[in-house]
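Just so it is clear, the structure is predicted and the values come from calculations on it, not from any experiment.
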Amino acid sequence: MNKQNKLNLLTKISVLSVSLIITTGPAISPLLPDIINHYDNIPETAIESLSTVQQFSIVISLIIANFIAKKIGIKKTVILGLLLAGVAGVVPFFADNYYVILISRIVFGVGVGFFNSLAITIIDLLYNGSEKTKVLGIRTSMEQLGYALASLMVGGLLLLGWRFGFLIYVWAIPISFIFWKYVPEVQSKTEKNNFEKGNNSKENYGKKQIGFIFLAFFLMLVTLCDTGINVELPKLLVEQKIGTGSLSGIIIAMKTTMAMIVGILFGKIYSLLHWWVVPTGIVALLIGSLAISQGHLWLVCLGSVISGVGSPLIGTYAFKTISETAPNGKENAINTMVLIGFNAGSFVAPIALSAGGNLFNGTVKSDFYFTASIFGILLVIVIIQKIISRAHTQ
């Protein structure tokens, strides 16, 4: 490997490593029982919020990051976010005051929000064509890998005490260093090339804006239901007396592994299926939800693995589409809007599934019937949208 190829590889590794941190916020969930015991004067719901409160600040900082990136540049904004996440993430290891820990979790979310959308925008700016498609797929896998590694590390560090579990976030600091060293400064594309993407009229741009808003809402529903599968699966095992919380962790890890594999192979899958990767992903989530809802252990395992196919296909295709159709200079703003949909769906998942499950028989099984219903509706919508789109082009 010559020097130039080595530098290109190090750049790619540095760009992708940022996504290892994005989904690690909820990875501290195994620490919560011990934290609840430690702070016996703090309400249990307040303690549980430590694993979700960062979603609030992520949404807010996703919006702020776009303005900061325009002032100091994309590269510096990513590094700032990584350092914030790394430093704030490990504060609970040193602090004993609950409110200090709570604030540190909020600041951690701010840091993640600073680089969440930019991790995708940088790929759009550095790569083209099939190479971009491949890197976007691997990026999705890196999110899954980051969550899996963080969960394993938390489980191991918990043996030393719950405070040690927060040390997982220290890895954001070395990632910020390699990102600074090997990733070049990138500039957002300007509006002057918008004609190349067919954005040469205000009317056409307006239509695209509506399309991106719909995409954000669509992905919010997908993420809501996909997150709900992970949240409700442990409850289902206990309710049906077919497993324990520990077993649910293994089953969810199987789902995560499948998602990683699909993300890595996305480029090849897309070359075979093209647009059909979206309905394929929805069908996988639909079948997975129905299989899990049957309450038999082998079907729960199978359904979980099948559902792992869905999210990486749909999410990676969405960001690929944005990179190809967004007006030049607007890529990060649109990525931000879509990611707000992602995070909103993840945050409201427990509440929405509880309400949706009550439409059926109110058991944990009914939550999976509800997710299957949503996926069925989404499948019909995307098929109809494709039919209409083809009719307009003929």
Side-chain angles (χ1 to χ4, degrees), residues 10-31 50-62 64-65 68-69 72-95 100-123 138-158 162-183 185-186 256 260 335-336 339 342-343 346:
L10 288 171
T11 297
K12 190 176 294 184
I13 291 172
S14 302
V15 168
L16 291 170
S17 65
V18 173
S19 294
L20 286 170
I21 311 295
I22 290 174
T23 58
T24 57
I28 65 157
S29 296
L31 308 177
L50 293 176
S51 67
T52 59
V53 70
Q54 73 278 350
Q55 301 304 132
F56 277 119
S57 48
I58 286 175
V59 169
I60 296 171
S61 60
L62 273 168
I64 298 173
I68 294 177
I72 67 174
I74 292 174
K75 181 176 179 178
K76 290 179 181 177
T77 305
V78 172
I79 294 172
L80 175 61
L82 287 167
L83 291 174
L84 274 175
V87 173
V90 301
V91 164
F93 176 74
F94 302 98
V100 172
I101 294 175
L102 179 64
I103 292 171
S104 75
R105 296 296 293 169
I106 294 172
V107 175
F108 169 79
V110 171
V112 173
F114 279 0
F115 59 79
N116 197 336
S117 64
L118 295 178
I120 301 166
T121 301
I122 286 175
I123 293 174
I138 296 174
R139 191 207 70 81
T140 301
S141 295
M142 294 298 278
E143 287 191 1
Q144 303 290 338
L145 178 61
Y147 182 78
L149 289 175
S151 298
L152 288 172
M153 292 172 66
V154 165
L157 291 168
L158 182 56
W162 64 264
R163 294 186 188 281
F164 287 85
F166 288 95
L167 291 178
I168 61 168
Y169 297 115
V170 76
W171 68 15
I173 296 174
I175 289 176
S176 69
F177 174 76
I178 64 170
F179 188 89
W180 166 76
K181 186 172 178 62
Y182 296 112
V183 177
E185 182 61 75
V186 289
T256 303
M260 288 169 53
N335 283 335
T336 297
L339 285 168
F342 265 112
N343 283 279
S346 178

Looking at every heavy atom in both [X] and [Y], which two are closest together, and how far apart are they?
{"X": "G113", "Y": "A65", "result": "O-CB, 3.8 Å"}
{"X": "A119", "Y": "V18", "result": "CB-CG1, 4.1 Å"}
{"X": "I101", "Y": "A95", "result": "CD1-O, 4.0 Å"}
{"X": "G109", "Y": "I58", "result": "O-CG1, 3.2 Å"}
{"X": "F108", "Y": "A85", "result": "CD1-O, 3.4 Å"}
{"X": "I168", "Y": "A150", "result": "CD1-CB, 3.9 Å"}

I need the [X] [atom1] to [Y] [atom2] distance, nearest 0.5 Å.
{"X": "Q144", "Y": "L149", "atom1": "CD", "atom2": "CG", "result": "11.5 Å"}
{"X": "I13", "Y": "I175", "atom1": "CD1", "atom2": "CD1", "result": "12.0 Å"}
{"X": "K76", "Y": "L83", "atom1": "NZ", "atom2": "CG", "result": "13.5 Å"}
{"X": "L80", "Y": "I72", "atom1": "CG", "atom2": "CD1", "result": "5.5 Å"}
{"X": "K181", "Y": "T11", "atom1": "NZ", "atom2": "OG1", "result": "11.0 Å"}
{"X": "L157", "Y": "L167", "atom1": "CG", "atom2": "CG", "result": "6.0 Å"}

- Set of side chain to side chain contact (heavy atoms under 4.5 Å, CB included) partners for S141, sequence neighbours left out: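 With sequence neighbours excluded, S141 shows a side chain to side chain contact (heavy atoms under 4.5 Å, CB included) to M260, I264, given in chain and number order.
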- Item | side chain to side chain contact (heavy atoms under 4.5 Å, CB included) partners of I103, counting only residues at least two apart |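 If we apply the side chain to side chain contact (heavy atoms under 4.5 Å, CB included) test to I103, skipping adjacent residues, the hits are V107.
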- Message: Is there a side-chain contact (heavy atoms from CB on, under 4.5 Å) between T77 and L118? Walk through the geometry before answering.
- Response: CA-CA 8 Å; T77 305; L118 295 178; 3.6 Å; yes
- Message: Would you say that more than 12 heavy atoms from the other residues, nucleotides or ligands in this model lie under 6.0 Å from the CZ of F93, or not?
- Response: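 Counting neighbours around CZ of F93, more than 12 heavy atoms of other residues, nucleotides or ligands fall under 6.0 Å, so yes.
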- Measure the shortest side-chain to side-chain distance between F114 and V78 over non-hydrogen atoms and say whether it is less than 4.5 angstrom.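 Contact flag for F114/V78 side chains = no.
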- Kindly state each residue pair satisfying side-chain hydrogen bond (donor to acceptor under 3.5 Å, both in side chains) with at least one member in residues 165-180, sequence neighbours excluded.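 Passing the test, one end in residues 165-180: R105-Y169.
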- Query: Could you give all pairs that pass the side-chain hydrogen bond (donor to acceptor under 3.5 Å, both in side chains) test and reach residues 17-28, with sequence neighbours left out?
  - Reply: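 Listed by first then second residue: S19-R139.
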- Is a donor on one side and an acceptor on the other found under 3.5 Å between the side chain of S117 and the backbone of T336?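 Side chain of S117 to backbone of T336, a donor-acceptor pair under 3.5 Å: no, none is there.
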- Message: I'd like to know if the side chain of K75 and the backbone of V186 have a donor-acceptor N/O pair within less than 3.5 Å.
- Response: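 Not at all, since once roles are kept as given, no pair shorter than 3.5 Å links the two residues.
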- Task: Evaluate side-chain contact (heavy atoms from CB on, under 4.5 Å) for F166 paired with V90, printing each intermediate quantity in order.
- Result: CA-CA 5 Å; F166 288 95; V90 301; 5.6 Å; no
- Item | Residue pair F115, L82: steps toward the side-chain contact (heavy atoms from CB on, under 4.5 Å) verdict | CA-CA 7 Å; F115 59 79; L82 287 167; 3.8 Å; yes
- Item | Pairing residues for N116 by the side chain to side chain donor-acceptor pair (under 3.5 Å) criterion, not counting sequence neighbours |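 With sequence neighbours excluded, N116 shows a side chain to side chain donor-acceptor pair (under 3.5 Å) to no residue whatsoever.
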- Message: I'd like to check the side chain to side chain donor-acceptor pair (under 3.5 Å) partners of T140; sequence neighbours left out, ordered by chain and number.
- Response: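 Per chain and number, T140 pairs via side chain to side chain donor-acceptor pair (under 3.5 Å) with T316.
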- Item | Candidate pair K12 and Y182, rule side-chain contact (heavy atoms from CB on, under 4.5 Å), full reasoning | CA-CA 9 Å; K12 190 176 294 184; Y182 296 112; over 6 Å; no
